[in-house]
Structure formats: C-alpha cells, structure tokens
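Below is one structure, written out as structure tokens, with a few remarks after it.
Numbered from 1 within each chain, the chains take letters A, B, ... in sequence-line order.
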Amino acid sequence: MPTHRRDAIKQLITGAAITAAEAMFPGISFGAASKVEANLPGVDWKKTPCRFCGTGCGLLVGIKENRAVAVKGDPASPVNQGLACVKGYHSIMALYGSDRLKTALVRKNGRLTPVPMKEALDLVAAKMKQTIKDHGKDAVSIYGSGQWTIPDGYVASKLFKGCIGTNNVEGNARLCMSSAVTGFMTSFGLDEPMGCYDDIDHANTFILWGNNMAEMHPVLFSRMLDRRLKNSDIKIIDLATRSTRTSIASDRSILFKPGADLAIANAICHEILRNGWENRDFLEKNVSFHTGKTNIGYGTEDNFKFEEKAETIDLAKYKAMLADYTPEKAELISGVSANDIRYLASLYGDPRRKVVSYWCMGFNQHVRGTWINNLVYNIHLLLGKISTPGNSPFSLTGQPSACGTVREVGTLTNRLPHGEVTNEHDREMAAEIWGVPVENISAKPTFHTVEMFRAMDRGQIKFMWIQVTNPMVTMPKLKRYRDAAKKESSFIVVSDVYPTPTTEVADVVLPSAMWIEREGMFGNSERRTQHFEQMLQPPGEAMSDTWQLIEVARRLGYEKQFPWKYENHIQEIWREYGKFQAGPRHNMATYEELKRNPGVMWPYVNGKETKWRFNKKYDPATAGYNPKGRDDWNFYGKPDKRAWIWFRPYEPPAESPDKEYPFWLNTGRVVEHWHTGSMTRRISVLHQAMPNAYAELHPDDAKTLGVKNGGKVKLTSRRGSLVLPVAIDKRGRPPRGMVFVPFFDENLLINELTLDAFCPISKQPDYKKCAVRVELA
Amino acid sequence: MKTRVGIIALVSVLFLAAVAVVGESMRAEWQHPLPVESKSVQAFSTPIESGVFSRAPRALAYVQSEKNQGNRTLKQYYSRRAYTGAPPVIPHEIFDEKGFGGKGCLACHAEGEFVPKLKAYAPVTPHPEWTNCKQCHVAKEIVAPFRPTSFIAEKAPAIGGAALPGSPPPIPHTLAMRNNCLACHAGPSAPKEIRTTHPSRVNCRQCHAATEEGKQQPGFVDDWRLTQ
C-alpha cells in the first residue's frame with residue numbers, strides 16, 4: 001500500500017496531538033483515536049444482482065485485494081432500493097467454503113481423482129463424441145439451471161440444439177417455473193409478467209396464493225409491508241395451505257385444502273359474474289373464451305403424452321360452466337367458507353381496489369399448475385384489472401435467472417432462443433444466427449426433465465452434463481433417478497462449486513467459477529436483465545460454465561460457432577443473443593447499457609424500459625395494431641390479439657391421504673437457505689440459524705402422536721421413508737393432517753418420499769402434495 | 001318519533017347517495033388509471049437526514065439514566081456480525097419464530113428496556129419501521145459450521161478518527177439502515193466504547209460528518225420511503 005508511510009506519520013502526529021489534547025481537557029478521553037484508520041480502506045464497491053432468488057436484488061459487493069469482504073443493498077437498484085435479506089447480506093461468504101472445488105475430478109476405479117482441467121475437458125468431449133457415434137445424438141443431454149447466467153444457457157443451447165442437433169436441453173426451471181410459462185403461453189401467447197415490481201407502489205390489495213413471501217421473497221414482502229405502514233387502506237391477504245410468517249403479517253389468513261385453489265379461483269370468477277362486476281367493455285374488446293381437455297392425468301407413468309385440444313366458447317357458455325363453482329360448492333372442496341370466498345371476490349371486484357396477485361411454487365409445483373395459473377389470470381381479465389399500475393397478476397420466480405436464461409434463452413427441450421423448435425421460422429432464424437444448417441435443428445422436442453431422467457433409467461440417455469444444479473437432492477421420487485444416474489450406462493458430468501450428492505454420482509466433476517468470479521447476466525421476475533462483471537479470480541482451475549461449454553464445443557469441432565476470445569466473449573455472446581430478441585416485443589438493452597445500469601427491463605426500445613406490457617400507454621409492441629374500438633390494449637401474443645380466459649375445472653391431486661398414508665406431505669424452503677443448501681449451508685450465519693431439515697406438525701397431531709419439539713418422527717410414503725426431528729409452532733404451523741418438510745438438507749432427503757406426478761401441460765412436478773404416514777421414530 | 005324516523009331515513013338516503021356518487025367516481029378513475037410518472041434513479045444524492053431525530057425525545061432520559069447503564073462492549077457488538085455492516089444475528093432464544101415487528105422483536109428492541117429473562121438491556125433497532133425482522137436477523141441455533149470457511153472479515157473501523165485534536169470524529173460506517181444515531185450510540189444497551197457522552201445534543205450530524213465510506217452511497221435505503 002503506497003499510503004503506509006503517510007499513515008504512519010499521520011498516526012504519529014495524531015498520537016502526539018491526543019496526548020496534548022488530553023492534557024488540555026482532563027476527563028475527556030481521546031485515546032481511541034490512536035487507532036486512526038479509514039473505514040474499510042481500499043475496498044472497491046461493485047454492483048451485481050444477488051446470486052440467490054428470482055427477486056433480483058441489486059447488491060454492492062466490497063472487493064479488496066481479490067477478496068469479497070462486505071455486501072450492502074444497492075440503493076440505486078429499483079428492485080430492492082438498498083434493502084437485502086439475510087442470504088444476500090451474507091452471499092459472499094458462499095464463495096469461501098474450504099471445500100470449494102478447485103480441480104477437475106475424474107472417476108477412476110470408482111473414486112473421484114484429481115486431474116488437470118484440460119484432461120477432464122478432453123475426456124468430456126471424447127465421451128460425447130463416442131456416445132453420439134454409438135447411440136445417436138439423442139443419447140447425449142444437458143441439464144442446466146435457472147442459476148445459469150444468460151451466456152451459460154445460450155452457449156449450451158447453441159452447442160446442443162444448433163451444433164449437435166439434439167433437443168435434449170433442459171433446465172431445473174422445469175421443476176420451478178414451467179407451469180408459469182405454460183400459464184402465460186396459454187393465456188397470453190407470450191411468456192413472463194406484464195407488470196413489474198412498481199405495482200407494489202400503486203396497488204392497495206395484495207392477494208398471495210400459496211406463497212410464503214415473508215421468507216421466500218422477503219425484500220418484496222418488506223416493500224409491501226412498508227407500503228401498508230404508510231397507507232391505512234392496504235390489505236394483504238394470505239391464501240395458503242399452511243400458516244407461515246406471511247400469514248401472521250397479513251391482514252387475513254385463509255387456509256385451504258391442498259389443490260383446492262382451483263375451486264376457489266373458479267368460485268371467485270363465479271361471484272364476479274353473478275354480481276355483474278365484470279368489465280364488459282374490456283372483455284368485449286380484449287378477451288376470448290376457451291375450454292380445453294379435462295381429466296388430463298398425472299404423468300406418473302413413463303412416456304406419458306398429453307396434447308391439448310382447445311375449443312372456443314363465449315362468455316355465456318363460460319358463465320354456465322362456472323355454475324358448478326358457487327361459493328358453497330367451492331367450500332365443500334376447499335374447506336374455505338363461502339363467506340370468505342365472497343370476501344375474496346369482493347376484494348378483487350371492488351372498483352376502488354387495485355389488486356396484485358402473487359404466487360410462486362404453490363401454483364407452479366401443482367399437478368394442475370398450468371390451470372391454476374390460467375385461473376388467476378381469469379380473475380384479473382374478467383375485471384380488466386391487468387397491466388395497469390397496481391393491477392397485476394404477478395408470477396414470482398424462484399431462481400435468479402429462471403426468466404433470463406431458461407425462459408428467455410429457451411433452454412427447454414421445446415424452446416429456442418426465439419420461439420419453438422416445432423416452428424419452421426424459428427428454426428430458420430436460429431440456424432442463420434448460429435451459422436449452422438437448418439436441418440441440424442431437430443423439429444421434435446425430446447424429453448422434459450422428469451422424462452429425461454426416466455430415459456436415463458431406461459438406458460436411452462447415456463450422457464448427461466449437469467451444470468449449476470443438484471438433481472440428486474431435488475428430483476422427486478429421488479431413489480429411481482439416483483439409481484438411474486449410478487447405472488453403468490449413464491455417464492454423468494457435473495459442473496459445480498462444491499461437492500454435493502450430485503457430484504457423488506458423477507463420472508467427471510468440473511470446478512466452476514461462481515457468480516462474481518466470472519462475468520455474466522441474470523434476468524429476474526420482472527423482465528429485468530442485470531449484468532455483473534468479473535470481480536474475483538476463481539480458485540484453482542475453476543472455470544465459468546460458459547467457458548467450459550466453449551472449450552468442449554471446440555474440441556467437438558465447432559470452432560466456427562464458438563470463435564470468441566476469452567477477454568470479450570460475454571460481450572460477443574450478448575451481441576449475438578440480442579439478434580434473437582430484436583424487435584419491440586423483446587428488445588434487449590445493449591451490453592454497454594447493461595454495464596451502466598442496475599438492470600434494464602425488456603422490451604427496451606429507444607432507450608425506454610417497458611413497465612406494463614400489452615397496455616398501449618407503455619408498451620411499444622402494441623403500436624401498429626389499432627382496429628376500431630381497441631385503443632387501450634393489444635394482447636398481441638395470441639393470433640386473435642386477445643387474452644384467453646380458459647375454463648379449467650377442479651381436479652384432485654395425484655395422490656391424497658388415505659387410511660394407510662393419512663397425512664399430506666408438503667415440501668418447500670426457508671428464508672436462510674437457497675434451494676439445496678450447497679452454497680448457503682457453507683455460510684456459517686445461515687447454517688447456524690437453520691442447521692437441518694425438520695418435520696413441521698400441528699400441535700394436536702404432535703400430541704396424538706406423543707411427540708414433542710425436537711423429538712423424532714418417521715415419515716413414510718409409497719416411495720421411501722425418512723426420520724426427522726419435529727418442529728411444533730416454529731417457522732410455521734400446518735393444519736391437522738399435514739406435515740411440512742424443507743428440502744435444503746442433503747443429509748435428510750425429503751425427495752425420497754415425494755411423487756413424480758406432474759402437470760401434464762407444463763411437465764412440472766408437484767412437490768406440495770403426496771401422502772405419507774407419520775410414526776414415532 | 002315520526003320526525004326522528006324521518007331524519008334517520010333522510011340521513012340514510014343521503015348516505016347511500018353519497019356512497020353511490022363516490023363509488024361511481026372511483027369506478028371512473030379505475031377504468032382510466034392515471035399515468036404514472038416513472039421514477040428515475042439518481043446516480044448520486046446527498047444523505048437524507050431522515051431518522052436522525054427519531055429518538056430525540058428520549059435524549060433527556062438517556063442523560064438521566066446515565067448511572068443505570070449496561071455494560072455491553074463493542075467486542076460483543078461485532079461478535080454478532082459476520083463482517084462490519086452485516087446484519088447481526090439473534091444471540092438469544094427466539095420467543096416466537098413466526099412473530100412480526102411490534103408483536104415480536106420490537107416488544108423489546110424498539111425501546112431497549114431491561115429484559116429480566118435475559119438479564120440484559122435489549123439493543124435498540126435503528127430501523128423499527130422494517131418489521132419483517134427475521135428477513136435479515138436469524139438465530140444462532142448451533143455453533144458448528146457445516147463446512148469450515150476461509151472467509152476473512154475486514155477489520156472493524158476504528159473508533160475516533162478525528163482529523164484534528166479535539167475535533168468531533170466522523171462517522172466511520174455507512175448509514176444505510178443505520179440512520180438513527182441514538183439507537184446505537186445512546187442508552188444503556190449502547191456498547192460502552194461508542195456510547196455518546198452527550199446524548200442530549202441530538203443533532204448529531206451537525207458535528208459528525210459522514211466519511212468517504214458514507215459518501216460513496218449514491219442514496220440510502222431510507223430515501224426510498226421519502227420518495228414514495
């Protein structure tokens with residue numbers, strides 16, 4: 001440090017001065033000043049989105065001498081405006097677990113053995129080549145993540161879909177957000193929310209559907225609470241299957257039976273129409289009515305297929321179909337009193353109320369996930385309370401870039417960076433931008449996540465590259481898929497930052513550069529893309545997932561498609577990816593603009609973000625379509641330029657409690673831990689606060705069982721069993737007959753018990769509803 | 001009797017009419033929402049003084065209670081934090097896991113009274129308006145880490161640091177979430193080393209200036225509430 005000598009002199013002078021001062025003013029101590037030192041000297045503050053959830057808080061990370069030393073909320077970020085949560089504040093500590101993966105590992109004689117990175121990359125490429133040669137291109141696959149940066153997902157898609165020519169590209173967002181995607185696609189024809197977080201500042205009514213925001217989206221929840229503190233007419237209603245912190249903080253907590261949200265939403269629509277609260281003008285101009293297939297199944301069998309058959313109906317027919325959903329009938333299904341349902345309908349229907357509906361995993365991890373997403377849109381569409389400041393059905397995202405990477409880049413079997421693999425024009429566009437023959441891109445989607453692991457079990461998939469995710473903790477019905485991964489026929493490559501249960505089944509482990517150890521972008525829930533620069537050197541031979549993919553692509557002979565220099569590859573990738581999204585519907589900010597701003601929302605046209613899509617006051621993509629009488633809106637995603645209201649009935653969950661397995665098992669998260677805890681458990685503050693998973697029981701159930709707080713119970717489902725400590729009235733309280741278990745704990749794997757039933761439309765598994773037996777252990 | 005009924009009826013009719021008129025006007029507004037000004041984020045702004053005076057009314061009590069002061073130390077203060085500026089952990093048993101703000105933590109941490117159960121003065125939160133306390137402050141249920149860590153925390157800022165002999169020391173930390181000086185620097189739960197000798201001088205920043213560290217903040221979390 002060049003200032004050492006000056007500091008020393010300064011200290012000397014100050015020391016002398018203190019002595020003099022103390023002599024002059026007896027009784028007043030100046031002693032402490034002898035340790036004169038500027039606060040956190042030499043610390044450089046750099047902006048980044050938080051590594052963890054989909055809220056996308058802006059953080060400022062303090063960097064000193066290639067070390068991250070402190071975090072504060074970025075006051076310039078419109079998302080969190082200076083606030084963060086306990087995960088964000090301690091996020092940098094996740095970089096420093098002493099067991100960080102620093103070298104590549106290759107399984108030799110059954111043991112993972114360190115090898116040079118180059119050798120591991122050679123082996124990965126050779127193994128891919130051989131597998132493709134022996135078993136065809138659809139025998140290799142990549143399984144990524146909503147924690148992939150945008151460049152990671154983009155190069156993965158380009159390599160697998162464009163160059164190799166297989167649609168075996170999936171991301172763990174399939175387990176997390178795909179019902180939200182199909183909900184958007186079926187209702188609006190375009191993915192991602194029409195509104196944004198600014199809606200919090202305009203709404204006066206917040207209805208949370210199966211969403212423990214106080215723990216899972218705490219910063220947004222705090223923004224809501226803050227608004228309520230200053231406005232007496234703000235109402236927060238918590239609709240849930242279990243009481244949580246969110247319920248306590250809400251004005252009203254309403255509990256419903258698992259899966260019965262379908263009936264409640266329909267009953268709300270029934271009440272809106274019965275009272276004539278619907279916005280006729282809006283409906284006539286902007287909405288069309290449809291029905292689809294019913295009794296659609298649960299996907300628990302291999303090779304399950306589903307094809308929707310939509311039928312157009314009208315308002316009168318829709319109203320008639322809702323006749324089954326009077327509040328009284330919905331009460332029988334949901335356990336929510338007819339009066340409470342009417343109350344909810346009146347909150348939505350009250351013309352003085354601007355309503356935001358929030359939901360996340362409660363809706364998405366649901367065997368009728370697409371339907372329940374449709375149904376909440378129905379409520380907002382019937383009232384015309386949509387896409388105006390403060391009126392917003394808003395699907396919250398779980399992961400930092402589930403939107404930015406998996407959904408926008410399209411790292412799902414059926415998607416391309418722009419559009420669907422089944423669409424010829426979309427394939428042509430991709431082939432042109434990627435510089436590959438159009439025949440390379442297969443028109444046929446292959447396997448969604450659950451089916452991909454089943455295909456591995458069946459021996460169809462021989463090679464899987466897993467990046468930034470931990471499926472050996474998160475897959476439902478875990479044993480089947482772990483056994484599949486362990487098979488001799490499965491070659492598993494895992495890119496990660498720490499040893500996990502997934503690296504345990506790997507044949508090759510590649511050490512990854514984490515978060516701010518590389519450059520990248522995330523895209524959050526409100527269509528905001530956020531850039532972060534490389535602030536630190538990754539440890540050892542750790543390498544970004546993007547660069548790992550590029551290295552392997554080149555070894556496979558795709559130098560032409562992956563020509564970038566290391567120095568500016570992220571910038572070049574962003575430029576190329578931007579071509580896919582050009583145009584008023586999804587235009588992205590330039591690389592330079594992203595570097596300058598704490599995130600930019602798309603569509604970003606002529607230097608302006610779009611806060612409310614489909615609304616002509618705000619959305620540039622609505623221009624040019626202006627038939628008579630439709631001057632306010634343009635729901636341009638659907639061919640009829642209308643938003644679609646779907647009639648979707650109530651159908652029961654795939655597995656409900658019975659005599660043998662009398663309890664519901666509900667799984668989820670806690671504020672301290674990020675997903676499977678591989679990062680947050682290495683943050684001492686977070687691990688010490690929440691060291692292990694637990695079984696949350698209603699006090700009466702605990703009493704009947706004869707178990708106290710901290711006592712052990714054994715949970716058994718048709719798939720497996722697990723012994724857990726009991727938590728009574730700790731973090732939450734389930735109703736009688738339900739047990740809640742968080743899934744972050746790799747030593748207590750609750751997914752051994754869960755069921756791999758999924759929504760037939762989105763293929764997203766339901767982690768919230770299966771049947772278990774609870775016994776004393 | 002008749003007149004009374006008449007008056008009641010008249011009032012009721014007027015009331016209903018008023019409800020209808022107001023309701024209709026609201027309805028009209030709802031159908032044509034006012035355009036919202038987009039809030040631009042300023043790259044730089046001066047620190048806002050919100051919060052500085054929010055504990056000022058207690059200043060006199062602080063002066064009077066000087067004899068009755070706790071013995072919390074700065075070392076204890078920092079031992080609760082993973083690094084300087086990190087939200088402190090909850091070092092005691094949590095009495096209500098699900099509790100929020102006023103009914104939970106703030107029962108003790110708003111005023112900093114003596115808590116007999118814990119035999120300690122409760123530290124005062126500088127931001128009682130944020131009520132989802134456990135969003136940032138978590139318990140310490142166990143001591144052992146999951147895996148060892150190589151994270152190195154920066155040394156805490158030194159106290160004092162006056163530029164001239166006898167001049168008031170500047171503020172060595174950021175002000176985000178910590179705008180209210182008296183919360184940590186006065187009263188029985190303030191760490192001894194940073195407890196002010198003159199709590200009745202409530203206009204703290206009249207003499208104590210923000211350092212570079214403070215100025216680097218382009219704005220403060222507290223701005224957000226003022227600009228709404």
Any salt bridge linking [X] with [Y]? Criterion: basic side-chain nitrogen under 4.0 Å from a carboxylate oxygen.
X	Y	value
B/R147	A/D99	yes
A/D729	B/K98	yes
B/E97	A/R245	yes

**Report entry** A/R280: salt bridge (Lys or Arg N to Asp or Glu O under 4.0 Å) partners, not counting sequence neighbours
**Finding:** A/E278

Query raised in the report: Please, which pairs that meet ring pair (Phe, Tyr, Trp, His ring centres under 6.0 Å) have at least one residue in residues 65-100 of chain A, sequence neighbours excluded?
Result: A/Y96-B/F151

Requested in this report: Pick whichever of B/G85, B/A144, B/P87 has the most heavy-atom pairs under 4.5 Å with chain A.
Outcome: B/P87

Query raised in the report: Parallel, tilted or perpendicular: which describes the rings of A/F221 and B/F100, with under 30° parallel and over 60° perpendicular?
Result: perpendicular

Requested in this report: Give me the ring orientation class for A/H202 and A/W612: parallel if the planes are under 30° apart, tilted from 30 to 60°, perpendicular past 60°.
Outcome: perpendicular

Requested in this report: State which residues pass side-chain contact (heavy atoms from CB on, under 4.5 Å) with B/V124; sequence neighbours excluded, sorted by chain then number.
Outcome: B/R55, B/A183, B/S189

**Report entry** Region of B/I152 that comes under 4.5 Å of a non-hydrogen atom in chain A
**Finding:** both

**Report entry** Under 4.5 Å from a heavy atom of chain A, the part of B/P148 involved
**Finding:** both

Query raised in the report: Run the side-chain hydrogen bond (donor to acceptor under 3.5 Å, both in side chains) check on A/D74 and A/W45 step by step: do they pass?
Result: CA-CA 10 Å; A/D74 184 355; A/W45 294 95; over 6 Å; no

Could you tell me which portion of [X] (side chain, backbone, both or neither) has an atom closer than 4.5 angstrom to a non-hydrogen atom of chain B?
X	value
A/V671	side chain
A/N747	side chain
A/R681	both

Report task. Output the residues of residues 132-142 of chain B for which the shortest heavy-atom distance to chain A is under 4.5 Å, in residue-number order; output 'none' if no such residue exists. Result -> B/N132, B/K134, B/Q135, B/C136, B/V138, B/A139, B/K140, B/E141, B/I142

